[in-house]
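Sequence lines set the chain letters: A, B, ... in the order given, protein chains first and strands last, and positions in each chain run from 1. These numbers come from a predicted model, not from an experiment.
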Protein chains: 2
Amino acid sequence: MMNLKEFSHRIGLSPTTVSRALNGYPEVSERTRRKVLESAERLGYTPNSRAARLATGRAMTIGHILPLSKEHEMVNPIFSDFIAGAGEQYSKSGYDLALSVVRDEDEEEAYRDLATRGVVDGVVIHGPKVEDPRIRLLGELGLPFVVHGRSSRVPGEYNWVDVNNRRAFSRATEFLLDLGHRRIGLINGLDGMDFATRRLNGYGDALAAHGIAGDPELVFNGEMTENYGFATTMQMLASRKPPTAILISSIIPAMGARRALHDLGIGLGDEVSVVIHDDDLSYFRNEGDVPIFTATRSSVREAGRLCADILLDAIRGAQDGRRHVLLEADLTVGQSTGPAPAMRHLLDRDRAEALRRPQSLT
Amino acid sequence: MMNLKEFSHRIGLSPTTVSRALNGYPEVSERTRRKVLESAERLGYTPNSRAARLATGRAMTIGHILPLSKEHEMVNPIFSDFIAGAGEQYSKSGYDLALSVVRDEDEEEAYRDLATRGVVDGVVIHGPKVEDPRIRLLGELGLPFVVHGRSSRVPGEYNWVDVNNRRAFSRATEFLLDLGHRRIGLINGLDGMDFATRRLNGYGDALAAHGIAGDPELVFNGEMTENYGFATTMQMLASRKPPTAILISSIIPAMGARRALHDLGIGLGDEVSVVIHDDDLSYFRNEGDVPIFTATRSSVREAGRLCADILLDAIRGAQDGRRHVLLEADLTVGQSTGPAPAMRHLLDRDRAEALRRPQSLT
DNA sequence: TGTGTTATCCAAAGCGCTTTGAGAAACTCA
DNA sequence: TGAGTTTCTCAAAGCGCTTTGGATAACACA
């Protein structure tokens with residue numbers, strides 16, 4: 001592996017000149033620069049990043065911390081699409097992406113570690129809680145960051161990119177109310193997550209506007225797995241007062257909900273309506289001439305791109321204050337919603353029988 | 001941010017001693033080492049990784065390259081679980097994980113770049129093709145690597161961790177044959193992927209052993225999205241000679257297949273049997289007292305752990321030759337399989353009608 | 001021709017750590 | 001007590017790059 005000294009010697013220039021040529025400084029003539037670039041290509045010289053990072057004090061790396069949830073050691077399925085979006089932008093700007101996989105409880109320590117070891121120039125905070133301690137921590141550490149989401153109860157300004165979750169869910173709820181639904185279930189994310197709270201609020205807003213009291217038995221919090229969607233749907237439909245419509249926070253539990261409805265022989269879109277929030281995951285597109293699910297959609301990949309742009313600007317000092325982006329998630333009507341049926345139609349024989357089978361909530 | 005010079009001065013030792021104490025060299029007494037560690041904790045000193053990396057010549061980082069497929073710009077959904085497994089091991093050994101997101105066509109260049117810039121000590125190759133050029137490339141670059149999968153037509157030894165795909169799929173096919181199925185569809189991964197070829201071979205082996213000629217109209221290659229599973233299943237069932245059973249390479253297209261069966265009013269597990277390969281994704285567990293799908297299961301997270309262990313050993317030179325791990329994927333019987341029905345049962349009125357609706361293969 | 005400007009290039013001093021080659025201190029044993 | 005060992009500590013030389021503060025060359029103008 002050739003180093004700068006040898007390379008510059010070979011092409012008859014000093015290391016300084018070569019470094020300047022390579023890094024685009026104006027003190028070097030265009031002719032020289034071209035010559036240097038071309039020779040580097042020809043001789044296969046690439047500057048050693050380790051050395052450059054020490055010399056400049058910049059890590060040229062953005063950190064992401066991927067927590068494994070304690071409950072199921074689960075990776076958030078939206079993570080990979082977010083990373084795909086962000087990573088693309090990093091590459092364009094010559095930044096690398098460092099990923100730390102840590103257990104939930106070690107997460108704060110992991111941020112502190114990244115900061116003090118100096119291996120990243122900035123980090124992205126994923127999945128903020130209603131009152132997330134990481135925001136203050138990073139502020140204290142002086143490490144630039146951007147939050148994917150927000151943290152309602154953390155005061156002060158910071159960079160964030162979020163979906164208008166409250167609006168999206170109030171809109172979705174209203175849509176169902178307009179269709180005549182009065183008992184509407186909500187299969188939400190984990191309790192304490194900021195997005196889950198905002199979605200709950202949106203749902204509550206719409207119900208309240210129609211003078212409907214929310215029923216806590218119709219609201220669920222949990223990690224968004226397929227099985228969670230299945231179990232909660234089963235539980236709701238087995239209750240004495242089943243909903244005629246369900247709001248689901250992600251397409252993955254929606255798969256489980258669909259399975260539950262199917263197992264019970266209940267028609268999706270006619271007997272029970274479902275509206276989902278769709279993160280537009282690349283391997284799970286809710287598409288077609290008429291989408292499968294009626295959904296509020298917001299691309300998580302796009303959010304990744306935006307987060308990256310904001311963070312890179314912050315690092316490069318090209319930013320005056322803090323920046324925010326609030327993405328609207330429009331409602332698209334699909335095949336999974338329809339007018340509320342009269343309740344009695346649901347109580348036919350087949351279904352009553354199906355409900356007699358025991359169900360467990362795993 | 002305190003540096004070594006200042007820290008060692010403060011605690012009345014030389015930088016050398018402190019460095020040795022921190023890095024576990026034997027030339028320093030246990031008492032001194034304890035003192036150093038404790039003072040570091042107390043004064044908040046952490047060595048600057050950038051400097052350490054330059055000095056040692058080690059990057060203490062493993063690289064993963066995440067290609068975005070050209071077709072759908074898709075991220076492989078098994079990626080996050082693999083990373084979760086591998087990342088855990090890296091953390092334990094004090095290694096970082098660098099992730100590069102690149103377009104399919106830039107992938108080779110990305111490996112070359114990682115190697116010459118010296119930002120990683122080794123890399124993991126994901127999704128090898130039948131004849132994958134990356135293996136030779138990395139050999140030439142002299143960068144340690146491990147392959148998640150294998151590359152059938154690449155000669156020579158290299159580290160790999162793979163599932164016994166051929167055995168798994170021949171076993172699954174045989175299981176269906178034993179149930180009396182004779183027309184068995186295969187919804188496979190992208191053409192050219194090594195795992196897809198091995199699975200096809202396993203499927204072919206079993207058919208051949210029963211004297212059954214494979215029907216190319218029943219074999220599909222594509223990116224494993226939900227829609228792909230839906231579209232291929234629809235296409236097969238709309239054909240003049242529909243299968244009575246389907247093998248599916250991942251749980252995600254299996255969701256789409258289930259949707260298709262449901263839309264057509266065809267019973268899963270009685271009218272049409274389905275066997276899947278289950279990567280044991282954390283957000284998509286095929287579980288329950290009796291699993292939903294009959295499946296050959298192999299945890300991709302475990303594969304991630306194994307890959308990490310092998311690669312770290314290779315980097316530390318604690319490895320004699322090349323290492324291989326072949327994971328067996330046992331078949332677990334679930335609710336999605338049953339004896340082959342007589343064909344005529346499938347051709348009832350409802351289904352005929354459903355098939356009249358137009359379907360598109362997106 | 002001499003002076004002032006620009007356009008180029010260079011030597012050398014870091015960046016903060018590791019590690020070599022030796023020296024000082026502590027200990028052992030005759 | 002002194003020589004030989006072992007234990008601990010240190011000064012200094014890198015690692016390969018960036019960047020400062022000049023030096024040199026090239027050019028214009030009077």
Once side-chain contact (heavy atoms from CB on, under 4.5 Å) is applied, do any residues pair with B:Arg136, and if so which ones, sequence neighbours excluded? B:Glu140
What residues, two or more places apart in sequence or in another chain, satisfy side-chain contact (heavy atoms from CB on, under 4.5 Å) together with A:Ala55? none
Does A:Tyr45 reach a base, just sugar-phosphate, or nothing at all? Heavy atoms under 4.0 Å. sugar-phosphate
What contact category does B:Ser19 fall into here, base, sugar-phosphate, or nothing, at under 4.0 angstrom with non-hydrogen atoms? base
Does the side chain of A:Ser14 come under 3.5 Å of the side chain of A:Thr17 through a donor N or O and an acceptor N or O? yes
Modelled atom types, side-chain donor and acceptor of A:Asp194 and A:Ser151, under 3.5 Å: no
Presence of salt bridge, A:Asp313 and A:Arg316, under 4.0 angstrom: yes
Quick test of your reading of the model: are B:Asp162 and B:Arg150 salt-bridged, counting only N-O distances below 4.0 Å? yes
Using the ring of each side chain (for Trp, its six-membered ring), is B:His126 parallel, tilted or perpendicular to B:Phe82, with breaks at 30° and 60°? perpendicular
Over 60° means perpendicular and under 30° means parallel, so tell me whether B:Tyr45 and B:Phe7 are parallel, tilted or perpendicular. parallel
When rounded to the nearest 0.5 angstrom, what distance separates CG in A:Leu4 from OG1 in A:Thr46? 12.0 Å
Taking any atom closer than 4.0 angstrom to a non-hydrogen atom of chain B, what span of DNA chain D does the protein reach, first nucleotide to last? D:dC8 to D:dG16
Angle separating the five-pair end axes of the helix from C:dT1-D:dA30 to C:dA30-D:dT1, nearest 10°, is 50°
In B/S/- notation (B base, S sugar-phosphate only, - none; protein heavy atoms under 4.0 Å), nucleotides 5-12 of chain C written 5' to 3' is ---SBBBB
Listing request: all salt bridge (Lys or Arg N to Asp or Glu O under 4.0 Å) pairs with a residue in residues 115-135 of chain B, at least two apart in sequence or in separate chains. A:Asp96-B:Arg117, B:Glu107-B:Arg134, B:Asp113-B:Arg117, B:Glu131-B:Arg153, B:Asp132-B:Arg134
